[in-house]
Amino acid sequence: WHADFRGLRDVRMRGNVDVAAGQSEISRVGMREMMAAGAIDVCNYDASWGGGPTEWRRIAALASAFDVQLGHHEEAQIASHLLASQPHGTYVETFSPARDPIFWQMIENRPALVDGQFPLPEGPGLGWVLDEAFIAGHTTGFPELTEAPDDLTLGDPELLSGATRADMERFAAMHAAADSGVLAFG
């Protein structure tokens, strides 16, 4: 999904069709360039790929300045709230239940469309109630993962990770001193 700004602009100008793009762009500068080139009608920037909701809102402000509407790439359970926060928010992208069972089955209180509109829940946080049975059916190994550190000696993590004890101690000190952090498994 390479962002060919000139090609998108040409399609937009000659094709008599609105162009939505930006789902693979990960920077505010890239989105600004796409808008400045006149390449898009709808900014389809993905908050989870490019800096989270705060960065998404910055790009939403850019889009407003360029008179570009907002969409969001996938993750309707998050995107619907982001788009509802902006006067130029438009499309919530979803896939069929076969392609994306998470949105259609993991959210217990997902409302039906009302006159083509997607009503948002009003509960705490994002307001979604998660289907614990669905989650349990699609989660494996978590109890074992949480219990595993009790069974490990310091030599085991060194062997498994390739990190030295000094590296782990340095990481632990940084983690303990930080106000916040992100942990990713992959």
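Numbers for residues simply follow the sequence, beginning at 1.
Taking hydrophobic clusters as Ile, Leu, Val, Met, Phe, Trp and Tyr residues chained together by side-chain heavy-atom distances below 4.5 Å, Val42 does not share a cluster with Ile78. Note on Ile26 and Ile59: separate hydrophobic clusters, where clusters join Ile, Leu, Val, Met, Phe, Trp and Tyr whose side-chain heavy atoms are under 4.5 Å apart, directly or indirectly. Transitive grouping of hydrophobic side chains (ILVMFWY, heavy atoms separated by less than 4.5 Å) keeps Met13 and Met35 in distinct clusters. By the rule that hydrophobic residues join a cluster once side-chain heavy atoms approach within less than 4.5 Å of another member, Val92 and Trp104 end up as members of one cluster. The cluster map of Ile, Leu, Val, Met, Phe, Trp and Tyr, joined by side-chain heavy atoms under 4.5 Å apart, puts Phe66 and Phe5 in the same cluster.
Listed for the Asn44 side chain is no donor-acceptor partner under 3.5 Å among the backbone atoms of Tyr91. Although no hydrogens or angles enter the test, the distance criterion places no donor-acceptor pair under 3.5 Å between the side chain of Asp131 and the main chain of Ile107. Looking only at distances, a side-chain donor or acceptor of Arg12 sits under 3.5 Å from a matching main-chain atom of Gly38. His81 places no side-chain N or O within 3.5 Å of a backbone atom of Leu83 that could act as its donor or acceptor partner.
Taking the six-membered ring where the residue is Trp, Phe118 and Trp128 present tilted rings, their angle falling between 30° and 60°. Ring orientation note: the planes of Trp49 and His73 are nearly perpendicular, at an angle over 60° on the 30°/60° scale.
Nearest heavy-atom pair, Gly51 versus Tyr45, reported as atom, atom and distance to 0.1 Å: N-OH, 4.2 Å.
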Original post:
Can you list the steps and then say if Arg110 with Gln77 is a side-chain contact (heavy atoms from CB on, under 4.5 Å)?
Top reply: CA-CA 9 Å; Arg110 183 184 46 77; Gln77 66 275 14; over 6 Å; no
